[in-house]
Amino acid sequence: MTVTRFAPSPTGRLHVGNIRTALHNWMLAKNAGGRFLLRIDDTDAQRSKEEYVEAIREDLAWLGISPDGEERQSQRMALYDKAFETLKAAGRVYPAYETAQELELKRKVLLGRGLPPIYDRGALELSDRQRAAKEAEGIAPHWRFKLDHGSPITWEDGVRGTQKFDPAQLSDPVIRRADGSWLYMLPSAVDDIDMGVTSVLRGEDHVSNTAVQIQMFEALGSGPPAFAHEALLVGREGKLSKRLGSLGCDAFREKGIEPQAIIALLARLGTSLPVEPIGQIEALLETFDLATFGRAPAKFDDAELERVNTALVHQMPYAEVADRLPEGMDEAGWHAVQPNLATIAEAAEWWRLVTGPVEQPEFSEEDCAYLSEAAQSLAWSDDPWGALTSALKEKTGRKGKQLFLPLRQALTGMNHGPDMGELLPLIGEETARARLKTASQG
Ligand code: GLU
């Protein structure tokens with residue numbers, strides 16, 4: 001059974017990049033009839049906040065991305081300790097005592113010589129006595145995972161194809177700090193094994209972590225999951241942007257963006273499939289395929305999101321939006337204003353044209369006379385607008401804008417707006433006549 005996971009650290013709100021990763025993992029699981037897990041990576045007790053855990057759950061729920069299970073790393077520490085002891089016994093983790101400054105200096109020296117800043121394994125050279133001396137000085141070690149330099153690390157990446165790393169070109173990663181706290185690498189591998197995760201889809205910034213983690217899986221006696229790394233999300237200008245890093249569900253909601261629009265855009269952004277206003281998740285799932293993912297960065301463009309959103313709003317059936325519409329707005333009201341909306345919230349603005357009061361412009365004497373004629377000609381039927389405009393056309397000889405615009409202005413106070421044929425029945429006979437009369441009085 002396919003098992004995927006989304007593993008955010010609750011150190012902030014979800015941003016559009018995380019949302020995309022969550023969505024793709026969820027789609028991957030759904031398409032395979034599998035399970036999608038939410039794993040809260042909260043090993044960093046200082047930076048992790050409960051309010052962010054809540055916010056992550058709420059944002060996913062709003063987006064319609066529902067996890068089939070939730071796990072928290074903070075409750076799984078015993079497992080990491082156990083794996084750590086296993087690796088230690090196998091000689092795959094070792095203590096290191098360098099300070100941050102010493103490490104920085106080593107880096108600078110290597111970079112200065114034009115060499116890659118790979119950790120020199122200085123700590124492996126320490127004798128037992130030297131180590132004991134460090135400890136006696138009160139220096140607690142941090143811990144590194146010892147990479148096996150024996151053979152290249154390779155995997156078939158679901159997006160990037162065959163990947164190959166020379167482990168000697170990688171630093172032995174620090175997996176545990178001197179205070180005993182964990183860095184992300186080992187707990188993540190332990191959890192992927194323990195939770196039976198079969199596919200890991202994440203950003204390409206994790207590619208070299210994957211190389212390291214593949215050795216961790218092996219050292220822990222398990223085969224690695226299938227890995228896939230998608231190209232990162234960038235702004236329209238093609239660069240990683242700070243703004244995208246903080247653009248999340250709150251900002252989308254505030255702008256009237258529907259979750260379906262975010263899903264439709266992110267499901268296909270960066271793939272060879274066209275971004276389309278597809279409101280049914282089933283239709284998006286049907287075409288979702290890692291083989292369509294490109295290597296070039298996926299460009300996120302607000303204008304594109306707004307276009308998708310508008311197109312989806314124009315498709316939404318009344319039942320889906322009814323509880324978000326202004327008081328009194330029925331199905332006919334929704335249909336009248338729907339084509340004019342960019343967001344559902346705008347329905348309230350257009351609805352005010354029906355409920356009033358409307359602010360009419362000043363009319364010329366000629367238009368006043370015309371509107372007075374209109375007030376008298378108004379007769380109620382299934383199609384009062386059609387009847388009114390044909391009667392006035394005949395009586396006054398007006399046509400086009402001259403015929404329609406003063407009526408629209410008098411009836412709604414606006415120069416443009418929803419179709420009058422749909423709006424007038426909603427305004428109602430009495431109100432319509434009153435508005436025409438008021439307008440005719442200049
Ligand atoms: N918590 C890690 C992150 O947010 C998880 C990465 C992963 O998917 O393995 O970067």
Side-chain angles (χ1 to χ4, degrees), residues 2-29 34-50 52-53 55-57 59-60 65 67 69-77 79-80 83 145 153 155 157-160 163 165 170 173-177 181-217 220 222-233 240 244-248 266 290 293:
T2 296
V3 180
T4 67
R5 76 333 188 248
F6 171 51
S9 304
T11 53
R13 298 289 302 258
L14 295 184
H15 56 71
V16 58
N18 309 133
I19 294 170
R20 175 169 171 254
T21 306
L23 172 67
H24 290 168
N25 277 288
W26 180 75
M27 294 179 88
L28 208 56
R35 281 165 58 77
F36 165 73
L37 305 176
L38 171 61
R39 189 184 82 202
I40 304 290
D41 281 7
D42 56 352
T43 53
D44 186 337
Q46 304 241 293
R47 290 177 61 229
S48 298
K49 299 235 155 49
E50 208 49 40
Y52 293 132
V53 176
I56 288 167
R57 290 189 193 122
D59 286 347
L60 291 179
I65 301 173
E70 183 185 311
E71 300 282 354
R72 295 184 68 144
Q73 290 197 320
S74 56
Q75 290 162 9
R76 303 169 54 81
M77 295 291 187
L79 273 165
Y80 313 144
F145 176 74
I153 304 166
W155 75 91
D157 193 283
V159 174
R160 299 163 64 86
Q163 300 291 294
F165 275 81
L170 300 169
V174 176
I175 57 168
R176 197 168 198 179
R177 299 186 190 88
S181 65
W182 295 102
L183 281 105
Y184 132 83
M185 212 83 91
L186 181 65
S188 180
V190 168
D191 284 343
D192 284 340
I193 295 171
D194 187 64
M195 294 169 194
V197 170
T198 58
S199 302
V200 172
L201 172 57
R202 55 190 182 184
E204 66 181 11
D205 50 332
H206 279 290
V207 168
S208 61
N209 292 341
T210 295
V212 167
Q213 285 177 321
I214 282 178
Q215 284 211 352
M216 288 181 177
F217 284 105
L220 292 168
S222 172
F227 281 101
H229 296 84
E230 49 186 6
L232 297 181
L233 200 62
L240 280 174
L244 283 193
S246 60
L247 185 63
L266 294 181
L290 288 185
F293 281 56

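As the structure lists them, so they are numbered: ligands from 1, and atoms in each ligand from 1.
Numbered from 1 in the order shown, with element, the atoms of ligand 1 that lie under 4.0 Å from a heavy atom of Ala7 read 1 (N), 2 (C), 3 (C), 4 (O), 5 (C). When each atom of ligand 1 is checked for a heavy atom of His206 under 4.0 Å away, the hits are 6 (C), 10 (O). Counting the atoms of ligand 1 from 1 in the order shown, those under 4.0 Å from a heavy atom of Asp41 are 1 (N), 2 (C), 5 (C). Counting atoms of ligand 1 from 1 in the listed order, those under 4.0 Å from a heavy atom of Ser188 are 9 (O). Atoms of ligand 1 lying under 4.0 Å from at least one heavy atom of Ser9, given by number and element, are 1 (N).
Between His24 and Phe293, the angle of the ring planes goes over 60°, which puts this pair in the perpendicular group of the 30/60° scheme. Relative orientation of the Trp182 and Tyr80 rings is perpendicular, given thresholds of 30° and 60° on the angle between their planes.
Contact check on Arg76 versus Asp194 returns a salt bridge, with a Lys/Arg side-chain nitrogen under 4.0 Å from an Asp/Glu carboxylate oxygen.
Nearest protein heavy-atom neighbour of atom 9 (O) of ligand 1: Arg202 NH1, 2.7 Å. Summary of contacts: the protein heavy atom closest to atom 8 (O) of ligand 1 is Arg5 NH1, 2.7 Å.
Looking only at side-chain heavy atoms (C-beta outward), Val3 and Met195 stay at 4.5 Å or farther from each other. Side-chain contact between Leu60 and Leu14 is present, with at least one heavy-atom pair separated by less than 4.5 Å.
Checking only distances, Pro8 never comes within under 3.5 Å of ligand 1, N or O to N or O.
Looking only at distances, a side-chain donor or acceptor of Asp42 sits under 3.5 Å from a matching main-chain atom of Ser74.
With a 4.0 Å heavy-atom cut-off, ligand 1 is reached by the side chain of Tyr184 but not by its N, CA, C or O.
Within a 6.0 Å radius of CZ in Arg47, no more than 12 heavy atoms belonging to other residues, nucleotides or ligands are found.
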